[in-house]
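For reference, the structure discussed in these notes is given below.
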Amino acid sequence: MDEEVVTESRKETEVAPALVSVHPDGHYVAVAVGPELRVFDLIGGCAASLVDDSVDQPFHKDNIRAIRFGANGKLFVSAGDDKTLKIWSSQSWQCISTVSSEKRVTAVAISNDGLHVCFADKFGLVWVVDLNQPSRDKKPTPLLSHYCSIITSLEFSPDNRFILSADRDFKIRVTNFPNNPLNGAHQIQSFCLGHTEFVSCLAFVPAQEGPHSLLLSGSGDSTVRLWDISSGALLDTCEVAVKAGLLESNGKAEEHDHAVTNLCTTLDGLLVAVSIQSLRGIVLLRCNVSAQTLSVAKVVSIAGEAFIPTCLANNPLTRELWMVTGVSNLPGYNYPSLARVLVISGIDVEQEPVVLGDNKIPGGEKLLETLQGTASVDDNAFLVAAEAVKAAMCNLLIKKQYPSENREYRKKTRNDRKLKE
Amino acid sequence: MPETGVNPTHSKSTGLPRKRFYRARAHSNPLSDSHFPVPISPSHVDYSLHYPQFFPSSDQSDSSRKIQFADIGCGFGGLLISLSTLFPETLMIGMELRDKVTEYVKERILSLRVANPGQYQNVSVVRTNSMKYIPNHFEKGSLSKMFFLFPDPHFKEKNHRRRVISPFLLDEYAYVLEVGGIIYTITDVEELGDWMKSCLKNHPLFEPLTEKELEADPVVKLLTSATEEGQKVARNAGQTFQAVFRRIVPSDQIS
């Protein structure tokens with residue numbers, strides 16, 4: 001009976017946050033919420049229609065957990081709880097291939113040469129798919145493994161030499177990406193260790209001069225950290241929640257109120273947008289590459305509505321930051337696939353960033369209709385959604401602590417104890 | 001430790017802890033989330049707690065001495081105790097998941113230090129899940145020997161991922177081992193022996209030691225004679241299966 005209660009409550013709290021991704025040329029914006037994949041063509045000014053000959057809509061049968069455009073703009077991938085990874089052409093929006101995973105997929109990455117797609121499953125295995133294989137149903141090959149830890153983020157280094165994987169056990173692994181990854185990636189370059197909670201997101205600051213790109217990571221410990229990946233050295237730590245005035249420096253954050261949920265580099269890494277749980281807006285960090293430091297540049301708040309972004313994406317050409325908030329399903333509400341999209345323009349060192357109103361958003365009403373769905377939703381639902389996303393994230397990524405009384409109670413059922421009595 | 005004499009869990013004649021007071025289950029699930037402190041990174045490991053005579057203060061910035069031997073799943077610590085006197089200048093640590101067993105080894109080392117002044121200062125033990133937290137304890141290329149002696153066989157195929165030697169975990173062991181460092185494995189279960197040997201053989205960063213090298217290595221003899229499990233196998237006249245491999249630079253990277 002006890003078990004039944006557990007599984008039921010888990011089902012209820014298992015919600016997925018809405019995701020957003022922008023095509024590297026700014027041609028398309030994609031939003032994933034629940035099992036739904038919504039793509040808008042910004043140049044054509046209309047919704048892109050996705051085609052997958054093998055299945056009917058929705059193309060994913062369960063919550064999508066990861067979406068991403070390839071660096072060269074030719075590919076788009078989506079994957080999630082339905083244990084499938086779909087690789088799309090981001091020109092025709094045809095599904096090129098569907099890859100089955102043994103476990104639920106938590107993160108995806110596309111190599112910068114566009115030849116390989118990697119994805120991580122819920123048991124800590126990272127798989128690689130060779131796109132040169134002729135068959136449509138491609139078989140994934142295991143690449144590396146984090147021992148039974150949920151991988152939260154996968155990222156290729158800009159020079160494609162390394163694949164990075166972050167997990168809920170506070171660590172980031174930097175692995176050499178071999179010429180033939182189908183034999184596995186065995187050489188670990190470094191571990192970036194310093195976070196004191198789950199690592200939630202990774203982003204690169206591309207090298208301006210010199211060979212080394214710097215790595216940024218966000219975590220449940222409310223910090224963003226800057227790393228040298230070749231040595232794993234921690235270069236700087238920015239306590240974003242404290243520095244942005246969200247909490248007192250001595251006050252312990254309540255129940256991971258200020259976990260960093262997403263990171264997005266803009267202006268070639270000069271400014272870094274950070275979303276934080278419970279913050280209605282974003283924090284912009286300034287990254288000084290030569291001094292290797294991070295500092296808070298400004299906090300951009302969103303006035304007039306309850307908007308706590310769940311995901312960020314950058315359009316490098318127009319210097320716009322795309323934000324989405326939403327949740328796959330909301331217990332107690334009748335809103336499946338709830339999503340709200342906002343754009344901040346004028347992300348620049350000199351300029352003052354502006355949160356665009358719905359009438360000024362690129363793509364206009366049509367875009368909002370496509371990406372958000374049509375149902376009008378009351379403001380309150382988004383607050384409940386933010387709470388649900390937070391609870392789900394904590395549930396998934398923070399180890400359960402059992403109080404000592406509770407532990408004693410659980411031990412009562414142990415067989416060796418029973419024998420003694 | 002003056003109260004050793006009255007400690008009821010220690011033997012009156014030798015001062016060493018008695019195993020009967022540290023009963024533990026034979027196995028422990030490496031997949032469960034146990035709660036024990038994990039160092040944030042290798043630089044957070046406080047050497048003064050483990051090796052007080054070598055590191056009188058917790059400020060270790062001046063010392064370049066690092067742990068070089070790791071006994072993964074050290075059990076009751078038989079091998080470590082033998083290695084300690086064989087390599088008195090080398091720092092070594094045992095890693096064990098079962099808390100009671102770790103407590104026993106801790107007590108055993110402390111008692112040995114009291115009984116033999118100046119000895120056993122280079123050996124210590126830590127409770128951890130080494131399948132998860134190896135990189136938190138050791139820096140890249142810092143170890144010269146790793147031991148995996150009589151590990152849990154996990155016979156069922158669905159539990160093979162719980163085995164401490166596996167193709168993916170070898171990547172992490174290769175990371176903490178220096179080039180030329182040696183990994184020692186031994187078991188009394190033939191099936192597991194084959195498994196460990198094939199994992200190591202198929203890994204691009206390891207090569208087997210030659211018969212001659214095995215003969216010359218004094219540590220190889222300890223694998224069966226010094227460990228509690230090894231002695232048990234010898235008592236029952238059982239067979240053991242060992243695999244000893246060296247960490248190498250992969251052939252495609254030698255310039």
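The part of A:Leu125 that comes within reach of chain B is its side chain, from C-beta onward, which places non-hydrogen atoms under 4.5 angstrom from that chain. Proximity to chain B (any heavy atom under 4.5 Å) is restricted, for A:Thr196, to the side chain, taken from C-beta onward. Contacts of B:His44 with chain A are absent, with no heavy-atom separation under 4.5 Å from either backbone or side chain. Residue contact with chain A, scored on non-hydrogen atoms closer than 4.5 Å, involves the side chain of B:Leu205 exclusively.
Heavy-atom pairs under 4.5 Å with chain A were tallied for B:Asn129, B:Leu169, B:Val38; the largest tally goes to B:Leu169. With respect to chain B, the highest number of heavy-atom pairs below 4.5 Å among A:Ser149, A:Ser231, A:Gly184, A:Pro142 belongs to A:Pro142. Contacts with chain B were tallied for A:Gln189, A:His146, A:His186, A:His195; A:His186 has the most, counting heavy-atom pairs under 4.5 Å.
Legend: residues meeting side chain to side chain donor-acceptor pair (under 3.5 Å) with B:Glu96, ordered by chain and number and at least two apart, are B:Arg98. B:Pro208 meets the side-chain contact (heavy atoms from CB on, under 4.5 Å) test with B:Phe245; sequence neighbours excluded.
To the nearest 0.5 Å, atom OH of residue A:Tyr147 and atom OH of residue B:Tyr133 are 12.0 Å apart. The distance from atom CZ of B:Phe168 to atom CG of A:Leu143, rounded to the nearest 0.5 Å, is 7.5 Å.
Atom CD of A:Glu102 is surrounded by 12 or fewer heavy atoms from other residues, nucleotides or ligands within 6.0 Å. When the shell of 6.0 Å around CG of A:Asn132 is examined, it contains more than 12 heavy atoms from other residues, nucleotides or ligands.
Counting only residues at least two apart or in different chains, salt bridge (charged side-chain N to carboxylate O under 4.0 Å, His left out) contacts with residues 169-194 of chain A comprise A:Asp167-A:Lys171, A:Asp169-A:Lys399, A:Asp169-B:Lys132, A:Arg173-B:Asp171.
Looking at heavy atoms from C-beta onward, B:Ser43 lies out of side-chain contact with A:Leu193 at the 4.5 angstrom threshold. Annotation: side chain of A:Phe191 is in contact with side chain of B:Glu172 (closest heavy-atom distance under 4.5 Å).
By a heavy-atom distance cut of under 4.5 Å, B:Lys140, B:Arg161, B:Arg162 are the residues of residues 137-167 of chain B near chain A, going up by number.
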